[in-house]
Every structure is written in C-alpha cells, then in structure tokens.
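This structure is a prediction, so every number in the text was calculated from the model and none was measured. Atoms considered below: every heavy atom in the structure, side chains included; atoms not considered: hydrogens, waters and symmetry mates. In this chain, residues are counted from 1 in sequence order. Ligands are counted one by one from 1 in listed order, and the atoms in each one are counted from 1 as well.
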Amino acid sequence: MADLILALDLPKATEAIALVDRLPGLRWVKLGPILMTREGPDLVRTFLERGLRVFLDLKWHDIPNTVAGAVTAAREMGVSMATVHILGGRAMLEAAVLAAGPELALVGVTVLTSHDESAYAQALGRADISLSAEVERLALVGAEAGLRGVVCSPKEVSLLRRRLGAELYIVVPGIRSSSDPMADQARVATAGEAAHNGATHLVVGRPILASSHPPAALERLMKEAQCTNS
Ligand code: C5P
C-alpha cells in the first residue's frame, strides 16, 4: 500500500488547479521547479486551502546555511514533504534535518530516475559505476543524517527496503505501465510493482497529466498500488 502523489509538471497555475479540481480522490500534489518558478508560494497556499498535502520537490543542493533557510521557509508555509540531494553532503543534510523539525518530512534524492549507468558515470567522471550500489550508498548516508526517507527509482525499492528497515519513507517516481511512453525516464516499473516492493509514496506525472481521462488514470493507478492516500 502506498500513497499516490500527483507531480504537477504543468506550465500554469490555472491548468494545475483545474486538473486537481477534477480529481476528488487526490490527497497529495507535488510542486516542482516549473510551477514554483512561475507561480510561487501562492500556489502552495491554494492547494493547502483545498485540504491537499503539498510535496515541494525543489531538490535542494547548496551550502548548509542556504538549504536550512529554504527548508525553514517550506516548513513555515505548511509543506508536508520536501527534497534535498543527498550528494549535498552530510553537513548540508544535518542542517536541513534540523530546520525541518518533526513537521516536515525531508526526503533525499539518491540518483535521478532519468540517469542510467553510463549517463551517471559520465556525470561523475568515472569509468563505470554500479547504480544500485550508488543508490544504496547514498540512501545510507541520508538515513544516518536523519532524513525521513529517500527518493529512488522503482528498480531499487526492494534493495532499499531491506537495507533501511521498515520505518523510512521510500518515495518512487518513474512509474509507468507497459503502454505508457518512457519519455526521459530510464529506470521504471509499474505502480503495483513499486508498492509491492515497499514504496510508501508513488510520484506520478505524465501517465496522469497526458492521459485523455486523468480521473480514470488516477483511479487505475491508485487501485493498482492499493493507495492509502491517508
Ligand atoms: O512525468 P513523470 O511521471 O515521469 O514525473 C516524475 C516526477 O518525479 C517529475 O516531477 C520529476 O521531477 C520527479 N522525480 C524524478 N526522479 C527523481 C526525483 C523526482 O523523476 N529521482
């Protein structure tokens, strides 16, 4: 059982609000850099007023003082979950965890789901790399720093659930059914597989946003993952 989070990667607030208003079963929305850069915190407040939980996915990776300040702003805004890059390092993560307090669930990005092994090795300037070992290493760094959970691809969920124990959140984008286009995602699985393997939150964007009937797509995915959406 997992919660479903709708990734609102749309260009305008009006479009995002109109879509959300067609999805009464929805409990979580994810706002990322596209909408936040265009529309700002007013949109967060709009969704909070509708009783939705907001996941602010800005993937902070900066010096500790700057990230702590951003996390504090998110917490004060009433955001329920936010992301940092675990690659930001131990001092940054600890400062962020302190700023989040118990109210804001801070989750750490391990390796972006758009990376495959060769793209990631190239980005790090290394000859070759095991992605699952890298995801595991980063997840353990995040857990030790006190993060509430981690973000990983559907391919690493089982491994991380075994390594992290039962308590930590495992937040999983890259959800695709066999008929969905992969687009820029490289490491994908279905909602059912990810939930079965131990994901607590499924992040879904284009399979709902690009659907000809978003309410039906949402309902199908929620059933498949036996979503709690509590
Ligand atoms: O459209 P799609 O379902 O691929 O959207 C996935 C969402 O999850 C996007 O908003 C993307 O920014 C986010 N995400 C990701 N990979 C990560 C972390 C977040 O795709 N590692």
Side-chain angles (χ1 to χ4, degrees), residues 2-12 15-16 19-20 23 26 28-39 43-44 47 53-61 79 81-88 105-117 119-120 123-124 131-132 134-139 141-142 147-157 159-160 169-195 199-212 214 217-218 220-222 224-225 227:
D3 286 358
L4 193 138
I5 303 175
L6 176 61
L8 286 171
D9 296 323
L10 293 166
K12 286 194 186 146
E15 271 182 55
L19 176 62
V20 164
L23 304 171
L26 189 67
W28 279 92
V29 288
K30 183 175 86 76
L31 293 178
I34 302 174
L35 269 182
M36 281 305 287
T37 304
R38 214 177 272 277
E39 308 285 354
L43 189 58
V44 172
F47 290 128
R53 293 184 185 192
V54 174
F55 175 15
L56 190 60
D57 184 21
L58 298 179
K59 299 186 183 66
W60 291 304
H61 182 169
V79 162
M81 192 184 284
T83 42
V84 288
H85 266 289
I86 297 176
L87 274 176
L106 204 59
V107 295
V109 176
T110 54
V111 175
L112 293 173
T113 43
S114 55
H115 279 141
D116 59 17
E117 285 189 346
Y120 195 65
L124 293 189
L131 266 193
S132 58
E134 182 67 0
V135 169
E136 181 181 359
R137 182 187 76 75
L138 288 167
V141 169
L147 291 179
R148 183 69 187 83
V150 297
V151 186
C152 66
S153 93
K155 300 293 182 199
E156 296 100 28
V157 180
L159 168 71
L160 293 194
Y169 289 167
I170 300 186
V171 179
V172 182
I175 301 297
R176 294 288 185 274
S177 70
S178 53
S179 58
D180 290 326
M182 297 264 285
D184 53 359
Q185 297 287 17
R187 296 168 10 255
V188 302
T190 65
E193 283 170 293
T200 53
H201 300 78
L202 307 180
V203 176
V204 185
R206 286 162 291 185
I208 294 173
L209 303 179
S211 161
S212 54
L218 175 69
R220 180 183 59 72
L221 282 157
M222 284 175 67
E224 196 185 325
C227 284

(request) Give a yes/no verdict on whether any heavy atom in Asp57 is under 4.0 Å from an atom of ligand 1. (result) yes
(request) Specify the protein heavy atom at minimum distance from atom 17 (C) of ligand 1: its residue, its atom name, and the distance to 0.1 Å. (result) Pro173 CG, 3.5 Å
(request) Pick, from Arg176, Lys59, Lys30, Met182, the option with the minimum heavy-atom distance to atom 4 (O) of ligand 1. (result) Arg176
(message) Among Val107, Val150, Leu147, exactly one meets side-chain contact (heavy atoms from CB on, under 4.5 Å) together with Thr83. Which residue is that?
(response) Val107
(message) Students often mix this up, so state it plainly: with edges at 30° and 60°, are the rings of His201 and Trp28 parallel, tilted or perpendicular?
(response) perpendicular
(request) Compare every heavy atom of Leu202 with every heavy atom of Ala2, then report the nearest pair and how far apart it is. (result) CB-CG, 4.0 Å
(request) Considering heavy atoms of the protein only, find what lies nearest to atom 20 (O) of ligand 1 and give residue, atom and distance to 0.1 Å. (result) Gln185 NE2, 2.9 Å
(message) Tell me every residue that passes side-chain hydrogen bond (donor to acceptor under 3.5 Å, both in side chains) with Glu39, counting only those two or more places apart in sequence or in another chain.
(response) none
(message) Just so I know, are the side chains of Leu43 and Leu8 near enough to count as touching, which here means a heavy-atom distance under 4.5 Å?
(response) no
(request) Record the part of Asp9 in heavy-atom contact with ligand 1 below 4.0 Å; permitted values are side chain, backbone, both and neither. (result) side chain
(request) Kindly confirm or rule out an N or O of Asp184 lying under 3.5 angstrom from an N or O of ligand 1. (result) no
(request) Inspect the contact between Asp184 and Arg206 and indicate whether a charged nitrogen and a carboxylate oxygen are less than 4.0 angstrom apart. (result) yes
(request) Identify, with sequence neighbours excluded, every residue that meets side-chain contact (heavy atoms from CB on, under 4.5 Å) alongside Ala123. (result) none
(request) Would you mind running through ligand 1 and noting each atom that sits below 4.0 Å from a heavy atom of Pro207? (result) 3 (O)
(request) Check each atom of ligand 1 against the heavy atoms of Arg206 and keep those under 4.0 Å away; list them by number with element. (result) 1 (O), 2 (P), 3 (O), 4 (O)
(request) Please identify which atoms of ligand 1 are closer than 4.0 Å to at least one heavy atom of Leu112. (result) 17 (C), 21 (N)
(message) Please compare Val172, Val203, Thr113 and report which has the shortest non-hydrogen distance to atom 15 (C) of ligand 1.
(response) Thr113
(message) Within ligand 1, which atoms have a heavy atom of Gly205 less than 4.0 Å away?
(response) 1 (O), 2 (P), 3 (O), 5 (O)
(message) Is there a side-chain contact between Lys155 and Val135 in this structure, where contact means two heavy atoms from C-beta onward sitting under 4.5 Å apart?
(response) no
